[in-house]
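Working notes, beginning with the structure itself.
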Amino acid sequence: MRPPRLVDVAAHAKVSEATVSRVLNGKPNVAESTRQAVLTALDVLGYDQPHRLRRAATGLVGLICPALDTPIVPALSQVIVTSLAGRGYTAVLCPRTPGGRHEDACTRMLLDRGVAGIIVIGGQHADTTTSPDRYLRLREGGLPLVLLDGYHPGIDAPVVSTDDAASMDLALTHLIQLGHTEIGLAAGPERQVPVIRRIQAYRETMARLLDRRDPDALVETTTFTVEGGAAAATRLLSRGCTAVVCDSDLMALGAIRAARALGRQVPQDVSVVGHDDSVLMAFTDPPLTTVRQDVASIGETAVRCLLDEIDGRPGPRDELVFRPELVVRASTAPVPTRR
C-alpha cells in the first residue's frame, strides 16, 4: 500500500493538509463534499485508499482457509459460516490451493469485494518462515482480522487456537497408561507453529512420564496427508515403535495402512492416535482414537471476536486457547506382549 503524500492530495483536492489528514484518519466533522474530493484525489493520484475509508459491502466477511480436502477444515468453516449467518453476515469463502491460489491473492479478491473483515485459518501467520508484514499492512489500513491456529505476537489481531501442548499430553498419557514406552510421533511440517508446539510438548511429556532423554529419535516430520502418515509410520515402526501419535486424522489413517502393509494389526500389534476427530473417524476400520478439537467453540469465538472488531470493540490480543478432548475408540490397546 503506497502511503499518500498529504501535500499532493491537498493541492489536488484544493483543501488544507490538515483536512486531508482528518479524512484519512476517519475523523468526524468533515463535509461529505470535502471527503469525496479527497477520496477522488487519492484515486486520481494513484494512491490506495486506507481500508477503513472504503465502503464495505453490506454484511460480507472473508474466510481464508486451507484446501478443503482436509476434513477438519470444512467442519470449522461450516461453524464459522453458520455463526456469521445467524448474525446477519455472509461469508465469502476463499480456500488456498497448493501450487495455486495463494493467501495474498485471496486477500486481494476479498478486499475488492469490500468485505468488512477477514478470518484466516492456518494461514501465513502460522508459518515461521514467512514475514507477518502482510497482516501488519492490513491492520494499518484498518481491516478487522482474526487468525486461527498460529500465534504471532507482533500481529495486532485476536488469535484463536487449540491447546497443542494439551493435545499431545492427552495422547501420550493414554498410550503410556496402556503400557507403551516406544511411542513415535508423526508430525506435520516443522515450520508450522502448531507442529512446533506439539513436538516440544512430546519431548517434555516423554521426559516427564518416561524419563526419555532422546525422544527426537522417534519423531518424523511429514505432510498432513494419508501418504505422509504412512511414510512416517513406516520409518517409526522400523525403529521398534508399538504406538504412533499423528498430527492429523488423515495421517493416522496412513499410519494404519503402513502397519498393515508391514503385516501388523491395529491395535493388537500397533496403537495409533489421530488428531482433530474429523467426520467419519468413528466409522473407520478400526474406529480411530483421536484428540478432538473443540471446533464449535473455536469457530463461534472467532466470529464473535471479528464482529466485535468490526463494531469498534477490539478484543484481547493474547491468544484464546481451547482445551481438546481425548476420544478413545478401537485403534489403541495395551502394549503387545513380546514373544
Side-chain angles (χ1 to χ4, degrees), residues 66 69-73 75 162 164 167-190 192 194-199 201-203 205-206 210 212 215-293 324-336 338:
D69 54 2
T70 301
I72 194 65
V73 174
T162 292
D164 294 300
S167 297
M168 190 55 57
D169 188 72
L170 286 169
L172 290 175
T173 299
H174 170 63
L175 292 169
I176 291 168
Q177 288 174 344
L178 291 173
H180 295 274
T181 57
E182 300 302 309
I183 305 169
L185 172 60
E190 202 167 5
Q192 297 288 329
V195 174
I196 293 170
R197 289 174 168 179
R198 289 176 202 160
I199 291 176
Y202 171 84
R203 293 179 181 131
T205 304
M206 291 288 280
L210 293 177
R212 290 292 295 264
D216 284 3
L218 300 182
V219 176
E220 287 287 337
T221 56
T222 183
T223 57
F224 290 113
T225 62
V226 172
E227 294 76 15
T234 298
R235 294 190 289 270
L236 292 169
L237 294 177
S238 71
R239 296 173 200 159
C241 289
T242 61
V244 179
V245 177
C246 299
D247 261 358
S248 76
D249 290 339
L250 289 182
M251 294 169 72
L253 297 182
I256 293 172
R257 176 189 293 180
R260 288 173 174 163
L262 294 171
R264 304 183 195 184
Q265 294 181 300
V266 178
Q268 292 87 344
D269 303 314
V270 177
S271 288
V272 176
V273 179
H275 188 276
D276 290 338
D277 194 29
S278 41
V279 64
L280 301 181
M281 291 304 109
F283 306 100
T284 57
D285 179 25
L288 186 67
T289 294
T290 186
V291 178
R292 174 185 293 162
Q293 292 197 59
E325 173 189 2
L326 180 70
V327 181
V328 179
R329 298 194 181 103
S331 66
T332 52
V335 62
R338 298 294 184 186

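Scope of the values below: all heavy atoms of this structure, side chains included, with no hydrogens, waters or symmetry mates. Positions are given from 1, in the same order as the sequence printed here.
The only member of V244, T289, T290 that meets side-chain contact (heavy atoms from CB on, under 4.5 Å) when paired with S331 is T289. Between L185 and the choices D216, L218, V195, I199, the side-chain contact (heavy atoms from CB on, under 4.5 Å) rule is met once, by I199.
Nearest heavy-atom pair across P334 and H180 is C-NE2, 3.9 Å. When all heavy atoms of P66 and V73 are compared, the pair lying nearest together is O-CG1, 3.7 Å.
For the residue pair T332/S271, the side-chain donor-acceptor check at 3.5 Å is not satisfied.
Going from atom CG of D69 over to atom OG1 of T225 covers 9.5 Å, rounded to the nearest 0.5 Å. Within the model, atoms OG1 of T242 and CD1 of I183 stand 7.0 Å from one another, a figure rounded to the nearest 0.5 Å. For the atom pair CZ of F224 and CG of D247, the computed distance is 5.0 Å after rounding to the nearest 0.5 Å. Atom-to-atom distance recorded for T221:OG1 and Q192:CD is 12.0 Å, nearest 0.5 angstrom.
Taking T205 as the reference, D169, L172, R208, L209 meet the side-chain contact (heavy atoms from CB on, under 4.5 Å) condition, with sequence neighbours excluded.
Between the side chain of T284 and the main chain of P286, a donor-acceptor pair closer than 3.5 Å is present. A donor-acceptor contact shorter than 3.5 Å is absent between the side chain of H174 and the backbone of V327.
Screening residues 230-243 for salt bridge (charged side-chain N to carboxylate O under 4.0 Å, His left out), with sequence neighbours left out, gives E220-R235, E220-R239.
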Kindly indicate, with the supporting measurements, whether the criterion side-chain contact (heavy atoms from CB on, under 4.5 Å) is fulfilled by I256 and L288. CA-CA 10 Å; I256 293 172; L288 186 67; 4.2 Å; yes

Assess whether side-chain contact (heavy atoms from CB on, under 4.5 Å) is satisfied between M168 and V245, documenting all intermediate values. CA-CA 8 Å; M168 190 55 57; V245 177; 4.1 Å; yes

After noting the C-alpha distance and the side-chain angles of M251 and E227, does the key distance pass the side-chain contact (heavy atoms from CB on, under 4.5 Å) rule? CA-CA 7 Å; M251 294 169 72; E227 294 76 15; over 6 Å; no

Run the side-chain contact (heavy atoms from CB on, under 4.5 Å) test on Y202 and V219 for me, step by step, so that the C-alpha distance in whole Å, both residues' side-chain angles and the decisive distance to 0.1 Å come before the verdict. CA-CA 9 Å; Y202 171 84; V219 176; 3.4 Å; yes

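Remark: E182 engages R212 in a salt bridge, criterion side-chain N to carboxylate O under 4.0 Å. A salt bridge is absent between D269 and R260; no separation between the charged side-chain nitrogens and carboxylate oxygens falls under 4.0 Å.
Residues R264 and L237 have side chains in contact (heavy-atom distance under 4.5 Å, counting atoms from C-beta outward).
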Side-chain donor/acceptor pairs under 3.5 Å, residues 272-281, sequence neighbours excluded:
from	atom 1	to	atom 2	distance (Å)
H275	NE2	S167	OG	3.2
D276	OD1	Q293	NE2	2.7
D277	OD1	R329	NH1	3.0
D277	OD1	R329	NH2	3.0
D277	OD2	R292	NE	2.7
D277	OD2	R292	NH2	2.9
S278	OG	D249	OD2	2.8

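Heavy-atom contacts from other residues, nucleotides or ligands closer than 6.0 Å to CD of E190 number 12 or fewer.
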